[in-house]
Amino acid sequence: MSDDHAPTILAEPAATTATASAPRFPIAPGAPLNVRSGPGTGYGIVRTLPVGSSVTIYCQTPGTTVTGPYGTSKIWDNIGSGEYVSDAYVHTGSDGYVTGRCG
């Protein structure tokens, strides 16, 4: 069955098709956020989330340590297939893991 109502805006977070029960978390205000192909700054940027975006975190994994608006963290949030953002830039309300580990 074809979904004729799928979002066409590529800048939207990958989690726009998540179920209604999946929690979403806002990214840090004031700047866009790079989405990387893996859990670290050494991975390539696959896209950039615009200011004001929120994301669904499917799983979390350790990676490069990053300092951002929400502290220093080695946690990376998987927000879609091959898409990771540093947890230091996502307001989860926690300094630790908020969902299961990837893998």
Side-chain angles (χ1 to χ4, degrees):
M1 182 167 96
S2 173
D3 183 2
D4 293 333
H5 302 290
T8 56
I9 300 172
L10 296 177
E12 283 296 312
T16 55
T17 58
T19 62
S21 63
R24 294 182 65 79
F25 301 94
I27 67 168
L33 179 60
N34 290 332
V35 178
R36 296 188 177 270
S37 62
T41 55
Y43 290 88
I45 298 169
V46 296
R47 65 186 179 110
T48 302
L49 298 176
V51 173
S53 293
S54 62
V55 295
T56 297
I57 300 172
Y58 295 104
C59 62
Q60 295 175 297
T61 191
T64 305
T65 299
V66 172
T67 298
Y70 302 118
T72 299
S73 179
K74 67 177 184 177
I75 299 172
W76 285 72
D77 305 329
N78 175 263
I79 62 167
S81 181
E83 296 186 332
Y84 294 83
V85 294
S86 171
D87 196 62
Y89 286 85
V90 180
H91 189 267
T92 62
S94 172
D95 288 336
Y97 290 86
V98 296
T99 190
R101 294 249 186 142
C102 301

Taking every non-hydrogen atom, the tightest pair across [X] and [Y]:
X: Cys102; Y: Tyr84; answer: SG-CE2, 4.4 Å
X: Pro39; Y: Pro62; answer: CB-O, 4.0 Å
X: Ser73; Y: Ile75; answer: OG-N, 2.9 Å
X: Val98; Y: Phe25; answer: CG2-CZ, 4.3 Å
X: Val85; Y: Asn34; answer: CG1-O, 3.7 Å
X: Gly71; Y: Ala88; answer: O-CB, 3.4 Å

Is there a path from [X] to [Y] through hydrophobic residues (I, L, V, M, F, W, Y) whose side chains come within less than 4.5 Å of each other?
X: Val55; Y: Val46; value: yes
X: Tyr43; Y: Leu49; value: no
X: Tyr58; Y: Tyr97; value: no

If only atom types and distance count, is the side chain of Arg36 paired as donor or acceptor with the main-chain N or O of Thr41 below 3.5 Å? yes

So, the side chain of Trp76 versus the backbone of Thr64: is there a donor-acceptor pair under 3.5 Å, distance only? yes

Straight-line distance of Leu33 CG to Arg47 CZ, nearest 0.5 Å: 9.5 Å

Got a second to check how far Thr92's OG1 is from Asp87's CG, nearest 0.5 Å? 4.5 Å

Please examine the side chains of Ile27 and Tyr89, heavy atoms only from C-beta on, and report whether any two atoms are closer than 4.5 Å. no

